[in-house]
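First up is the structure itself, then whatever we jot down about it.
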Amino acid sequence: MGGPAGRTVRGGRGAAGDDSQLPPRQRAGLLRLPQQPAVPSELTDTVAGLGRILSYTPSYQNGPALRPLDVPDHALPPEPLRAIYEVQPLTDAGFTGKGQTIVVFAFDGFNQADLDKFAQTYQLPKFTPEVVGGMPEQRSGEATMDLQVAHAIAPDARKVLVNARTTVDGGGTYVKIAQLMESVDRQFPGAVWSLSIGWGCDRMITAADLAPIRAAISTAATHGTTVFDASGDLAGLECKRGHDWSAPPGPSDVGLDAVASLPEVTNVGGTTLTTDDQYRWLAEHAWSDGPLTQGSGGGVSSLFDRPIWQSGVANANNSVRRLTPDVAAVADSSTGAVIVVNQQLVVGGGTSQAAPLWAGIAAVVNQYLLAHGGRQLGEFNPMLYRLRAGAARPGFHDITLGTNAVAVAQPGHDMVTGLGSPSVYNLAQNILDAQRSPR
């Protein structure tokens, strides 16, 4: 679900090269980014512009066609990423995820040299994730991105990579997933989990198929574990996987990632971010790339009834089923986080960037809560929707622009960006208030 966009960048504190000693804003100007194709001057009399051939456009599209105002240099180093979502006030107070564990479930592995360069470039603590199940041979950059994004937000949290490749080898996938989760829960009780894996379309299975996974996650939640899962990058068309990709999308493609639709999982959608030139948050809208049929996943679960904590959320079709996503964060690779892949600074993207970002946030918030007499988040959704109903401070950026293939972003909860993206400092205080308040 997403991954490094392949755009190379340069810069960052401590980076090798002549630019490493420049002030931050000057260094930022040295980022190497792609430009729009230009017509050679000798052909301007006969060629008006350059484009590309598209086989189709989405059959269902709502809302305005939006172009981001962007972020400086189209890339977010760790410190600006923390500042944008107001994690930095907690980090400055010493809440950096210390004592917490972030577990990333992935199909691919990482190169330690990339993690070392990321930490060195941005003056973060060096980290070597513990690997469970053996290092996967594949190196797509997905696990690398997940680990680095989580580290950017919670640099002192322990990182663990779980090889989930075995869950799709042979039959019994959902039983294998549950067994893997049970094992991880025993090894790392109370950890924060980040899932960026598509384990099938919800419309192709039954709720009974997911019962073992649901039980495993519910048990882990009693130990303090919080689970974040990427909503998917097909704009609400997660059931399109396996079809002819050249065919236009249709009603049979509408659906959710099966595990992401579980009520016990906090489902994370994606946004495009806008900041000022000092990386101060200005706006976000739903991430959508219509011509590529990409964007924030979301929609109505085919498997699970509406949980009681989601009963106050309105939706256009008055469904009595679970609605996704629950929250969102930046996923557009034109405004994404800087990571290191194959020793190159590149920009990540996809909702699989947003999920580990939230996992890092949860690790920081957990440390803050425990230090102030609170308790770990555990199953997070009931608290999130409780705060939506009323809190002393604005804990979410409500995202009201943009669309995916099934819904339009609107005030309050929507099936593109959920409750919105976080204002973490306020959110942490609101959660602590709620934990202290009997209800």
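Starting from 1, each residue takes its place in the sequence as its number.
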Looking only at side-chain N and O atoms, does [Y] offer a donor or acceptor that is under 3.5 Å from a partner on [X]?
X	Y	result
Q376	Q100	yes
S423	E86	yes
T351	D233	yes
D108	S140	yes
S288	N404	no
D169	T166	no
Q429	D433	no
D414	T417	yes
E284	W287	no
D114	Q343	yes

Taking the ring centre of each residue, are W193 and F105 less than 6.0 Å apart?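 Centroid distance W193-F105: below 6.0 Å, so yes.
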Please state whether the rings of [X] and [Y] are parallel, tilted or perpendicular, taking 30° and 60° as the class boundaries.
X	Y	value
F107	W199	perpendicular
F228	F380	perpendicular
F95	Y368	perpendicular

Going by an N to O cut-off under 4.0 Å, is there a salt bridge joining D305 and R322? no
Working note: I217 + L262, criterion side chain to side chain contact (heavy atoms under 4.5 Å, CB included); need CA distance, chi angles, decisive distance, verdict. CA-CA 9 Å; I217 291 176; L262 285 163; 4.0 Å; yes
Side chains of V104 and V160: does their closest heavy-atom pair fall under 4.5 Å? no
Side chain proximity check, C239 to V254, heavy atoms < 4.5 angstrom: no
Which pairs count as disulfide (SG to SG under 2.5 Å) when at least one residue sits in residues 357-416, sequence neighbours excluded? none
Run I339 and V149 through side chain to side chain contact (heavy atoms under 4.5 Å, CB included) and show every step you take. CA-CA 7 Å; I339 58 175; V149 169; 4.2 Å; yes
Salt bridge (charged side-chain N to carboxylate O under 4.0 Å, His left out) for K159 and E130? Distances and angles first, verdict last. CA-CA 7 Å; K159 313 300 187 308; E130 182 175 342; over 6 Å; no
